[in-house]
S.K.: 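Sharing a structure here in structure tokens format.
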Protein chains: 2
Amino acid sequence: MDGTPDFKPLYLQVKDLMVRRLASGAWRPGEALPSEFQLADEFGVSQGTVRKALDELAAQNLLDRKQGKGTFVAQHTAQRALFHFFHLIADTGERALPGARMLSLAKAKADRGEAMRLGLRTGSLVIRLKRLRLLGQRVAIHERIVLPAALFPGFTDRLSVDVPNELYRYYEERYGVTVARAVEKLKAVAARPDEAKPLGLKNGAPLLEIDRLAYTVDGRAVEWRRSRCDTAGHHYISEIV
Amino acid sequence: MDGTPDFKPLYLQVKDLMVRRLASGAWRPGEALPSEFQLADEFGVSQGTVRKALDELAAQNLLDRKQGKGTFVAQHTAQRALFHFFHLIADTGERALPGARMLSLAKAKADRGEAMRLGLRTGSLVIRLKRLRLLGQRVAIHERIVLPAALFPGFTDRLSVDVPNELYRYYEERYGVTVARAVEKLKAVAARPDEAKPLGLKNGAPLLEIDRLAYTVDGRAVEWRRSRCDTAGHHYISEIV
DNA sequence: GAGTGGTCTAGACCACAGC
DNA sequence: CTGTGGTCTAGACCACTCG
């Protein structure tokens, strides 16, 4: 009747259960998981099967395994932001997290594009955030960020200056929203007047547009971010293996 | 005296031996490897240890494992080119390999930049190739490719029109040079006259520059490619996991 | 030394491809 | 039916961390 073979290895079933725990917040970022043998007992499988599930989750960067210490729920640290979620680096090879200067922060009703990308109904409330970012000393990125307001209660009540530079860590610590995965679409675009001016460029200057949708571990879109970057002296790095 | 702990798991030693076979051409693209048990016998380890080495090589896309059939050396097919090595896709989500139109093909002495990137001595011979590429029906990419001439004997002797669109497959089949890995650096740049004209753009129009260095399995750089792309209606995709 | 993850082994059985 | 890779188990031992 169906056609789907629907055979699912044990270790994948175990993995699904673990993902559910991560998504539900039963296991929180930074926490240590029970040992492999404890988990094996709990799930009624052998330690080897648990290990295979854990290894896959670690490969997806959802867990951190440390020999001799234990298995920990991955956490958004500065290091992770820098090496995992920020791909713009200086042409010299140096990496540094860019500073940020807030331009505006407001709550509004989602337009069609925002609603579609974030999986909301048109008219749902979203938080819109604009800021400039600095590569080295130079203002080089104009950034627009859109969040579903329902997931971030009280976000706009805070003074603009309070919203920190490292947003993913902030989402995680303050709202329990962990970004696990993102898809970036890159284009070259011409700078518009409102972007060119703060970046010290002429209208029409080439900018690298990075259009990012970020997702939680259970697949909900939680942030839409569009960064327009002056890539003089910097580049976006992408490794193909 | 030394400080390096230098403990190396068996499966990594086995993996190294296998990589050497791949690099040497003892195992050629498309070929089937011996079965896990045969390999285990040959290397004097258990089948589980061989499996772990094979799994890592498969994860690096150096091998293809097919249940019920065997383990095969990865090969550059159109599919692989499309999904693995070509990241420009239409904004609609459609993917298609771009056509190519050769502009020029010549042998010359490497300049400093070419020599440095390809790990050659200045003055070594390189092959320079320029072409235009089509996204859909539109000429949208201006591409410059540089190869170490020593690895591709007779390349420039062929009529330009003979050099095929899918270069990586051609390198592999004709010269036994397999591209296993690449690093791409992306920037937004302004179109120069010689680029703008064939692309039907104004001077200074924004282009996405993709600067790629491609490596063999044993880490030698074998191609430097710089593509400048008109990204109207297309984008470069990058997934962060 | 006790506890954790990492490696290695050996054997049984399952899913899949192809003759 | 046979051969391949894929899963699952159980047990031994190794490397690392920390008290």
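Just so we're on the same page: letters track the sequence lines, and every chain starts at 1. Heavy atoms only: backbone and side chains are in, while hydrogens, waters and symmetry mates are out.
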S.K.: Among C:dG5, C:dC8, D:dT9, which nucleotide has an atom closest to any side-chain atom of B:Leu10?
M.R.: C:dC8

S.K.: Whole-Å distance between D:dT7 P and B:Gln67 CD?
M.R.: 7 Å

S.K.: Tell me: CG of A:Leu57 to P of C:dG5, nearest whole Å?
M.R.: 14 Å

S.K.: Check each of B:Leu147, B:Thr178, B:Leu151 against B:Val222 using the side-chain contact (heavy atoms from CB on, under 4.5 Å) test, and report the only one that passes.
M.R.: B:Leu151

S.K.: Nearest to the A:Ser35 side chain among C:dT4, C:dA15, C:dT9, which nucleotide is it?
M.R.: C:dT4

S.K.: ring-ring contact (aromatic ring centres under 6.0 Å, His included) between B:His76 and B:Phe85: does it pass, once the steps are laid out?
M.R.: CA-CA 10 Å; B:His76 280 281; B:Phe85 279 96; 5.4 Å; yes

S.K.: Grab the CZ-P distance between B:Phe7 and C:dG5 for me, whole Å please.
M.R.: 17 Å

S.K.: Whole angstrom is fine here: how far is it from CZ in A:Arg65 over to C1' in D:dC16?
M.R.: 14 Å

S.K.: Output yes when B:Glu166 and B:Arg80 qualify as a salt bridge under the 4.0 Å nitrogen-oxygen rule, no when they do not.
M.R.: no

S.K.: Tell me the interatomic distance from A:Leu12, atom CG, to D:dC8, atom P, rounded to whole angstroms.
M.R.: 8 Å

S.K.: Atom CG of A:Asp64 to atom P of C:dG6: distance rounded to whole Å?
M.R.: 11 Å

S.K.: Check whether any side-chain N or O of B:Arg51 sits under 4.0 Å from OP1 or OP2 of D:dG6, and answer yes or no.
M.R.: yes

S.K.: Are B:Lys187 and B:Glu209 within salt-bridge range, i.e. N to O under 4.0 Å?
M.R.: no

S.K.: Taking the nucleotide of DNA chain C with the nearest heavy atom to each, does B:Gln47 or B:Gln13 sit closer to the 5' end?
M.R.: B:Gln13

S.K.: Taking only the side-chain nitrogens and oxygens of A:Lys66, find out if one of them lies under 4.0 Å from OP1 or OP2 of C:dT4.
M.R.: no

S.K.: Counting just side-chain N and O atoms, does A:Lys69 come under 4.0 Å of either OP1 or OP2 of C:dG5?
M.R.: no

S.K.: Might you confirm whether atom CZ of A:Arg95 has over 12 heavy atoms from other residues, nucleotides or ligands at distances under 6.0 Å?
M.R.: yes

S.K.: Looking at the side chain of B:Lys52, which of C:dT7, D:dT7, C:dA10 is the nearest nucleotide?
M.R.: C:dT7

S.K.: OP1 or OP2 of D:dG5 versus the side-chain N and O atoms of B:Thr71: is any pair under 4.0 Å?
M.R.: yes

S.K.: Rounded to whole Å, how long is the line connecting atom CG of A:Leu39 with atom C1' of C:dG3?
M.R.: 15 Å

S.K.: Just to be sure I understand the rule, does A:Phe37 reach a base, reach only the sugar-phosphate, or reach nothing, if contact means heavy atoms closer than 4.0 Å?
M.R.: nothing

S.K.: Distance check needed: D:dT2 C1' versus B:Gln38 CD, whole Å only.
M.R.: 14 Å

S.K.: Taking only side-chain N and O atoms of B:Thr49, does any of them lie within less than 4.0 angstrom of OP1 or OP2 on C:dT9?
M.R.: yes

